[in-house]
Amino acid sequence: MIIVMKAGAAKKDRDLVLKRIRELGYKPHVIHGETRDVIGAIGDERGKAVLQSLESLHGVENVVPILQPYKLASKEVKKEPSLVRISDNVVIGGRQLVVMAGPCSVESEKQIIDSAVAVKKGGAQVLRGGAFKPRTSPYSFQGLEEDGLKLLAKARELTGLPFVTEVINPETAELVASYADILQIGARNSQNFALLKKVGQLGKPVLLKRGMSMTIQEFLMSAEYIMSEGNQSVILCERGIRTFETATRNTLDLSAIPVLKEKTHLPVMIDPSHGTGNHHYVAPMCYASVAAGADGLIIEVHPDPEHASSDGPQSLKPAKFDIMMEKLKLFAEAAGKTLI
Ligand code: PEP
Ligand code: MN
């Protein structure tokens, strides 16, 4: 249920509503709107009638049910887009088009520092790089783990770029969060509910990838797992879904952008690298994503893709990344975004 407060309601009225929600066994989530606050009361659906009684409290405008199964992620609770702040000058979900770029995996100090310098020069605002890798085969490179996190931190120190890196299990989540600026939940873990709950408690922005066979509703339910633990800083990322098509690694579902924009206030990003699996297709999908309303892109860039430990075939060389970024400015401008 959503408890809509009157415009300009006093803090003491709001505090009383929060207290009553807790007494009734629900978790309150305050969402600050432009003119009024709304409070989501999340818990057992069967207690709707008892929550309705809050309508009689001072300062309450009305109490309305949230119809979607995802509550905090729904546009019903919050009409205006959510902004996820990463650093002083990087905010996702507003006018700024945010580009995250870097290699699939951190491989060595030289490789990650060269990558960070190159993507910064090209105009990326966030560095990407995997330290814990969820590989399909147990015999493939599994990542440098904590040493990789240390190298990412070094690259951040050198370039000033915040970084996003994947967290693959609840046991190592706190370790990753102690280094990273953004926690990535990969496609393979996007319905690992224990992990989603864990990152919901860590207080760091989360980049949540769509699972390869996940419906939009399931995707939003996964976001809800994170948000219901108290973390509202969730960025959704479409990275391709599995279809009958084999010409590309996955089928990049660009229609997910307008669909998600209709259903949720959360920012939406696109990963054209995993979405296509082929560096030739990355630039056109970047332009199309921005034209369709994406808030950001996460792109694999590697200084030497032929020798990459993972995902070389879909990684752009820095020179190609630079060209793509130049052209992207035109699409960003047409879509009402700025690429700075
Ligand atoms: C990645 O970003 O390197 C990755 C493994 O992505 P996904 O989870 O989308 O496959
Ligand atoms: Mn990859």
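This chain uses plain numbering: 1 for the first residue, then up along the sequence. None of these values were measured; they are calculated from a predicted model.
Taking a 6.0 Å sphere around CD of Gln201, one finds it holds more than 12 heavy atoms contributed by other residues, nucleotides or ligands. Counting heavy-atom neighbours within 6.0 Å of Lys197 NZ, excluding the residue itself, gives a total of 12 or less. Within a 6.0 Å sphere centred on CD of Glu157, heavy atoms belonging to other residues, nucleotides or ligands number 12 at most. Shown here is Lys79, whose NZ atom has more than 12 heavy atoms of other residues, nucleotides or ligands within 6.0 Å. Within 6.0 Å of atom NZ in Lys154, 12 or fewer heavy atoms from other residues, nucleotides or ligands are found, so the atom counts as exposed in its surroundings. For Asp88, the CG atom is loosely surrounded, since the number of other residues' heavy atoms within 6.0 Å does not exceed 12. For Lys204, the NZ atom sits in a packed shell: over 12 heavy atoms of surrounding residues, nucleotides or ligands are nearer than 6.0 Å. Enclosure of atom NE2 in His32 by more than 12 non-hydrogen atoms of other residues, nucleotides or ligands within 6.0 angstrom is indicated.
In this structure the side chain of Lys209 reaches within 4.5 angstrom of the side chain of Gln184, judged on heavy atoms. In this structure, Leu220 and Leu260 have side chains that are in contact, with non-hydrogen atoms separated by less than 4.5 Å. Counting heavy atoms from C-beta outward, Leu254 and Ser289 have side chains that approach closer than 4.5 Å. Proximity of Val98 to Asp295: side-chain heavy atoms (C-beta onward) are nowhere separated by under 4.5 Å. At a threshold of 4.5 Å between non-hydrogen side-chain atoms, the residues Ile185 and Glu166 do not count as touching. For the pair Phe321 and Ile299, the minimum side-chain heavy-atom distance is below 4.5 Å. Lys263 is listed as a side-chain neighbour of Val259, based on a closest heavy-atom distance under 4.5 Å. Between Arg210 and Leu236 the shortest side-chain heavy-atom distance does not fall below 4.5 Å.
Checking Glu300 against His279 by side-chain atom types alone, no donor-acceptor pair falls below 3.5 Å. Between the side chains of Ser255 and Asp253, at least one donor N or O sits under 3.5 Å from an acceptor N or O. Side-chain atoms of His307 and Glu107 include no donor-acceptor pair closer than 3.5 Å. For the 3.5 Å distance criterion, the side chains of Tyr225 and Gln191 fail to qualify, holding no donor opposite an acceptor. Under 3.5 Å, the side chains of Ser105 and Ser310 contain a donor-acceptor pair of N or O atoms.
If you chain together hydrophobic residues whose side chains sit under 4.5 Å apart, Ile3 and Val38 never meet in one group. If you chain together hydrophobic residues whose side chains sit under 4.5 Å apart, Leu328 and Ile340 never meet in one group. Leu208 and Leu252 fall within a single hydrophobic cluster, where Ile, Leu, Val, Met, Phe, Trp and Tyr side chains are chained together by heavy-atom contacts under 4.5 Å. If you chain together hydrophobic residues whose side chains sit under 4.5 Å apart, Ile323 and Leu297 never meet in one group. At a threshold of 4.5 Å between side-chain heavy atoms, the hydrophobic network of Ile, Leu, Val, Met, Phe, Trp and Tyr places Phe163 and Ile182 in two separate groups.
A side-chain contact (heavy atoms from CB on, under 4.5 Å) with Val167 holds for exactly one of Val206, Val176, Asn189, Leu202; it is Val176.
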Pair His274-Asp311, side chain to side chain donor-acceptor pair (under 3.5 Å): steps then yes or no: CA-CA 8 Å; His274 295 86; Asp311 288 350; 3.0 Å; yes
Steps toward side-chain contact (heavy atoms from CB on, under 4.5 Å) verdict (Asp181, Val126): CA-CA 9 Å; Asp181 300 282; Val126 177; over 6 Å; no
Verdict with reasoning, Glu333 to Lys329, per salt bridge (Lys or Arg N to Asp or Glu O under 4.0 Å): CA-CA 6 Å; Glu333 198 181 317; Lys329 285 184 188 146; over 6 Å; no
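When atom types are taken as modelled, the side chain of Thr172 and the backbone of Leu175 share no donor-acceptor pair closer than 3.5 angstrom. In this structure, Lys71 contributes its side chain and Ile66 its backbone to a donor-acceptor pair below 3.5 Å. Between the side chain of Arg128 and the backbone N or O of Cys104 there is at least one donor-acceptor pair closer than 3.5 Å. Checked by atom type and distance alone, the side chain of Thr248 never pairs as donor or acceptor with a backbone atom of Thr251 at under 3.5 Å. Remark: side-chain polar atoms of Arg135 are paired, donor with acceptor, to backbone N or O of Phe141 under 3.5 angstrom. Using modelled atom types, one side-chain atom of Gln96 and one backbone atom of Asn89 make a donor-acceptor pair closer than 3.5 Å. The backbone N or O of Leu266 lies less than 3.5 Å from a partner atom in the side chain of Thr264, making a donor-acceptor pair. Here the side chain of Ser222 pairs a donor or acceptor atom with the backbone of Ser190 at under 3.5 angstrom. Using a distance-only test at 3.5 Å, with no hydrogens or angles considered, a donor-acceptor pair links the side chain of Glu76 to the main chain of Gln68. For Glu55 (side chain) and Asn62 (main-chain N/O), no donor-acceptor pair under 3.5 Å exists by modelled atom type.
For the atom pair Ile39 CD1 and Arg20 CZ, the distance stands at 13.0 Å (nearest 0.5 Å). Annotation: the span from Ile86 atom CD1 to Met100 atom CE amounts to 5.5 Å, rounded to 0.5 Å. With values rounded to the nearest 0.5 angstrom, Leu54 atom CG is found 6.0 Å from Leu24 atom CG. Atom-to-atom distance recorded for Arg36:CZ and Met5:CE is 10.5 Å, nearest 0.5 angstrom. Met269 contributes atom CE, which lies 5.5 Å from atom CG of Leu207 (distance to the nearest 0.5 angstrom). The line from CG of Asn250 to CE of Met212 is 6.5 Å long, rounded to the nearest 0.5 Å.
The existence of a salt bridge linking Asp15 and Lys11 is confirmed by a sub-4.0 Å separation between a basic side-chain nitrogen and an acidic carboxylate oxygen.
What you find for Lys78 and Pro81 is that their closest heavy atoms are NZ-O, 3.6 Å.
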